[in-house]
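Below: the structure, in structure tokens.
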Amino acid sequence: MKELVEVIAKSLVENPDEVVVTETEKEDAIVIELKVGSADMGKVIGRQGRIAKAIRTVVKAASSKSSKKVIVDILQ
């Protein structure tokens, strides 16, 4: 899942070198944290959060075979 979020985010931003994705596993969930440069934050979130929601939807669909819930957090 980490690689999927990284590929999507790097294709959206102007500075792909500033994209950092970390994956943390908890008991019942996998937390994926996405950090991008401040100039690219709007491109990852999108108007009214549409792109962020689309990223979360794609990750949820990709993780449907897994028994754990996947949470995508976008950090500054």
Side-chain angles (χ1 to χ4, degrees):
M1 295 302 133
K2 177 182 173 183
E3 295 82 17
L4 176 63
V5 174
E6 194 170 350
V7 167
I8 293 171
K10 284 186 176 182
S11 67
L12 291 172
V13 298
E14 300 233 352
N15 301 318
D17 299 336
E18 294 182 18
V19 173
V20 178
V21 179
T22 56
E23 186 175 75
T24 309
E25 234 175 286
K26 296 187 178 179
E27 294 175 14
D28 59 341
I30 299 171
V31 179
I32 300 173
E33 293 180 341
L34 171 62
K35 294 181 185 175
V36 296
S38 59
D40 293 323
M41 186 61 72
K43 292 179 182 162
V44 173
I45 294 174
R47 203 170 272 191
Q48 296 181 348
R50 286 187 182 137
I51 294 177
K53 185 176 179 183
I55 292 171
R56 291 183 178 111
T57 303
V58 169
V59 170
K60 184 177 178 182
S63 69
S64 63
K65 295 192 179 203
S66 172
S67 61
K68 292 188 176 187
K69 182 179 178 182
V70 178
I71 301 166
V72 179
D73 286 336
I74 301 172
L75 308 174
Q76 278 187 326

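Below, each value reflects all heavy atoms present in this structure, side chains not excepted, and no hydrogens, waters or symmetry copies.
- Val44 and Ile51 make their closest contact through O-CG2, 3.3 Å (heavy atoms, listed as atom of the first residue, atom of the second, distance).
- Val31 and Met1 are assigned to two separate hydrophobic clusters, defined by single-linkage of ILVMFWY side chains at heavy-atom distances under 4.5 Å.
- Through direct or relayed side-chain contacts under 4.5 Å between Ile, Leu, Val, Met, Phe, Trp and Tyr, Leu75 connects to no other residue.
- Val36 and Val7 fall into different hydrophobic clusters, where Ile, Leu, Val, Met, Phe, Trp and Tyr are joined by side-chain heavy atoms under 4.5 Å apart, directly or via other members.
- Ala29 approaches Ile71 most closely through the heavy-atom pair CB-CD1, 4.2 Å.
- Placement of Val72 and Met41 within a single hydrophobic cluster is found when ILVMFWY residues are connected by side-chain heavy-atom separations under 4.5 Å, directly or transitively.
- For residues 2-20, the pairs satisfying side chain to side chain donor-acceptor pair (under 3.5 Å) are Glu6-Lys10, Glu14-Lys43, with sequence neighbours left out.
- Between Leu12 and Asp40 there is no side-chain heavy-atom pair separated by less than 4.5 Å.
- When each of Val58, Ile74, Ile32, Thr22 is tested with Val5 by the rule side chain to side chain contact (heavy atoms under 4.5 Å, CB included), just one qualifies, namely Ile32.
- The stretch residues 66-76 participates, sequence neighbours left out, in these side chain to side chain donor-acceptor pair (under 3.5 Å) pairs: Glu25-Lys68.
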